Amino acid sequence: MSNEQKSDKPELSVIIVSYKNPTLLRLCIQSLQKNILSKDYEIIVLDNATEESTEMLMREEFPDIKFFPHAKNLFYSKVVNEGIKNAKGKYLLILNYDIIVEKRSVDILLEQIKKDPKVGLIGPRLLNFDGSPQSSCFRFYTPTTILYRRTFIGKLGFSKKKINQFLLRDKNLEKPTEVDWVMGSALMTSRKALEKVGSMDELYLYYFEDVDWCRRFWENGYKVIYYPFARMFHYHGKQSASVNPLKAVLFNKLAREHIKSALKYFWKYHGKPNPHKI
């Protein structure tokens with residue numbers, strides 16, 4: 001039996017959400033098995049729209065890992081919540097399948113969240129595979145943020161300033177920082193915090209589930225922390241990106257879903273105060 005499956009009640013549960021890419025999923029799992037120094041953890045893989053190649057990978061190469069295949073795409077928030085329900089750990093690390101962890105990065109996040117019970121969510125520095133940093137922590141969205149980032153208006157001086165503020169370029173992100181929200185591709189939380197905050201809102205099919213979750217952690221008195229000394233590589237495809245917003249709405253499904261999720265988010269929090277201001 002593999003090391004990560006030894007304990008019936010492990011300290012850490014790693015929940016991986018995957019979708020039609022067994023090659024990246026294999027690399028993600030292998031990086032965890034190689035680079036988590038603690039042995040008191042379990043791995044749970046939840047796969048959307050499962051294909052035979054992924055089932056064979058899990059059955060033949062990782063038979064001791066908990067694997068939950070799904071015939072249809074149940075979307076991110078729903079399968080994350082399923083993973084939470086099936087996890088046994090005191091702490092939970094939620095990962096996209098396209099994350100490759102560096103040595104000790106998971107252990108570092110675990111050390112930090114254990115130190116401070118007020119930390120509800122903590123996220124690492126995400127890197128491109130060439131080592132350049134990705135934007136993975138942000139201020140909360142406003143309707144104008146969406147407008148500026150998806151239209152030509154974003155090229156104008158005043159809107160560039162607002163986009164830079166959204167991306168926290170006015171902050172020193174070389175050190176641990178309290179942020180409004182961290183990208184859901186890689187984040188850690190605790191069972192105790194989840195009991196108060198609750199799981200992800202399944203209202204969102206694509207995008208904004210992480211923004212919403214972080215906001216609820218702040219509303220419940222927990223901090224959301226960006227921790228750059230833990231580093232992970234992220235194959236980030238930006239599938240919803242489009243130069244022409246009208247073309248995106250008409251022809252790019254993910255762009256349409258991004259806009260729909262934004263509308264759901266703004267409707268949900270309309271008139272409610274910002275729980276955290278940087």
Side-chain angles (χ1 to χ4, degrees), residues 4 7 9-18 28-29 31-46 65-66 76-77 79-127 134 136-138 173 175-200 209-218 220-234 276:
E4 72 272 10
S7 176
K9 289 190 176 181
E11 182 176 48
L12 176 68
S13 295
V14 182
I15 298 169
I16 304 173
V17 178
S18 68
C28 178
I29 295 172
S31 75
L32 289 164
Q33 292 177 330
K34 179 181 178 180
N35 293 321
I36 299 180
L37 300 187
S38 167
K39 300 305 178 184
D40 192 13
Y41 70 94
E42 65 175 352
I43 296 176
I44 300 170
V45 174
L46 302 104
I65 288 177
K66 296 177 183 178
Y76 191 74
S77 58
V79 292
V80 166
N81 291 345
E82 181 184 355
I84 291 171
K85 290 176 183 176
N86 286 280
K88 296 181 179 180
K90 185 177 179 181
Y91 300 93
L92 301 97
L93 173 64
I94 298 162
L95 292 181
N96 272 10
Y97 66 95
D98 56 1
I99 293 286
I100 307 297
V101 305
E102 278 197 348
K103 188 172 289 294
R104 289 201 71 244
S105 58
V106 176
D107 304 87
I108 290 169
L109 292 180
L110 186 58
E111 288 169 6
Q112 296 307 310
I113 201 168
K114 287 167 66 176
K115 277 182 184 178
D116 186 353
K118 297 306 293 181
V119 175
L121 288 170
I122 186 168
R125 168 173 286 184
L126 296 183
L127 303 170
Q134 291 181 6
S136 59
C137 59
F138 313 87
L173 297 180
K175 63 180 183 178
T177 306
E178 290 186 14
V179 298
D180 284 353
W181 65 280
V182 288
M183 188 178 290
S185 303
L187 50 82
M188 184 178 289
T189 187
S190 68
R191 180 75 60 183
K192 185 175 181 180
L194 281 175
E195 289 173 356
K196 183 175 182 180
V197 176
S199 53
M200 284 189 172
E209 61 281 299
D210 45 6
V211 189
D212 179 279
W213 212 24
C214 290
R215 185 165 185 145
R216 286 163 48 214
F217 272 87
W218 279 115
N220 282 276
Y222 287 100
K223 297 186 288 188
V224 178
I225 302 295
Y226 167 73
Y227 201 80
F229 303 136
R231 295 157 38 108
M232 300 182 185
F233 293 93
H234 181 210
H276 178 249

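For clarity, every value in this text was computed on a predicted model and none was experimentally measured. Heavy atoms only: backbone and side chains are in, while hydrogens, waters and symmetry mates are out.
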Would the distance check show the side chain of [X] and the main-chain N or O of [Y] forming a donor-acceptor pair, the cut-off being under 3.5 Å?
{"X": "Arg216", "Y": "Val197", "answer": "yes"}
{"X": "Ser13", "Y": "Gly89", "answer": "yes"}
{"X": "Asp40", "Y": "Glu11", "answer": "yes"}
{"X": "Gln134", "Y": "His234", "answer": "yes"}

What's the shortest heavy-atom distance between [X] and [Y], and which atoms?
{"X": "Gly198", "Y": "Trp213", "value": "O-NE1, 3.0 Å"}
{"X": "Ser18", "Y": "Val45", "value": "OG-CG1, 4.0 Å"}
{"X": "Lys175", "Y": "Phe229", "value": "CA-CZ, 4.4 Å"}
{"X": "Ile84", "Y": "Ile15", "value": "N-CD1, 3.6 Å"}
{"X": "Ala230", "Y": "Pro124", "value": "O-CB, 3.2 Å"}
{"X": "Lys196", "Y": "Tyr222", "value": "CD-CE1, 3.8 Å"}

Report the C-alpha distance between Arg231 and Leu127 in whole Å, list the side-chain angles of each, state the deciding distance to 0.1 Å, and finish with yes or no for side chain to side chain contact (heavy atoms under 4.5 Å, CB included).
-> CA-CA 7 Å; Arg231 295 157 38 108; Leu127 303 170; 3.5 Å; yes
Would you say [X] and [Y] make side-chain contact, with heavy atoms under 4.5 Å?
{"X": "Lys114", "Y": "Tyr91", "value": "yes"}
{"X": "Gln33", "Y": "Ile65", "value": "yes"}
{"X": "Leu95", "Y": "Leu32", "value": "yes"}
{"X": "Tyr76", "Y": "Asn96", "value": "yes"}
{"X": "Ile16", "Y": "Ile43", "value": "yes"}
{"X": "Asp210", "Y": "Phe138", "value": "no"}

Rounded at 0.5 Å granularity, tell me how far [atom1] in [X] sits from [atom2] in [Y].
{"X": "Met232", "Y": "Ser136", "atom1": "CE", "atom2": "OG", "value": "10.5 Å"}
{"X": "Asn35", "Y": "Ile100", "atom1": "CG", "atom2": "CD1", "value": "9.5 Å"}
{"X": "Asp212", "Y": "Met200", "atom1": "CG", "atom2": "CE", "value": "9.0 Å"}
{"X": "Leu121", "Y": "Ser190", "atom1": "CG", "atom2": "OG", "value": "8.5 Å"}
{"X": "Thr189", "Y": "Ile113", "atom1": "OG1", "atom2": "CD1", "value": "5.0 Å"}
{"X": "Lys118", "Y": "Ile225", "atom1": "NZ", "atom2": "CD1", "value": "12.0 Å"}

Looking at Glu111 and Arg104, does any basic side-chain N land under 4.0 Å from a carboxylate oxygen?
-> yes
Decide side chain to side chain donor-acceptor pair (under 3.5 Å) for Gln112 and Tyr227; before the verdict, give the C-alpha distance in whole Å, the side-chain angles of both, and the deciding distance to 0.1 Å.
-> CA-CA 9 Å; Gln112 296 307 310; Tyr227 201 80; 3.2 Å; yes
Determine whether more than 12 heavy atoms belonging to other residues, nucleotides or ligands lie under 6.0 Å from atom NZ of Lys192.
-> no
Return a table of donor-acceptor pairs under 3.5 angstrom between the side chains of residues 179-186 and protein atoms on other chains or two or more places apart.
{"residue": "Asp180", "atom": "OD1", "partner": "His276", "partner atom": "ND1", "Å": "2.7"}
{"residue": "Asp180", "atom": "OD2", "partner": "Phe140", "partner atom": "N", "Å": "2.7"}
{"residue": "Trp181", "atom": "NE1", "partner": "Arg139", "partner atom": "O", "Å": "2.9"}

Test ring pair (Phe, Tyr, Trp, His ring centres under 6.0 Å) applied to Tyr97 - qualifying residues, sequence neighbours left out = none
Identified side chain to side chain contact (heavy atoms under 4.5 Å, CB included) partner of Leu12 from the options Glu42, Lys90, Met188 | Met188
Can you list the steps and then say if Glu178 with Val224 is a side chain to side chain contact (heavy atoms under 4.5 Å, CB included)?
-> CA-CA 6 Å; Glu178 290 186 14; Val224 178; over 6 Å; no
Determine, stepwise, if the pair Lys66 / Leu46 fulfils side chain to side chain contact (heavy atoms under 4.5 Å, CB included).
-> CA-CA 8 Å; Lys66 296 177 183 178; Leu46 302 104; over 6 Å; no
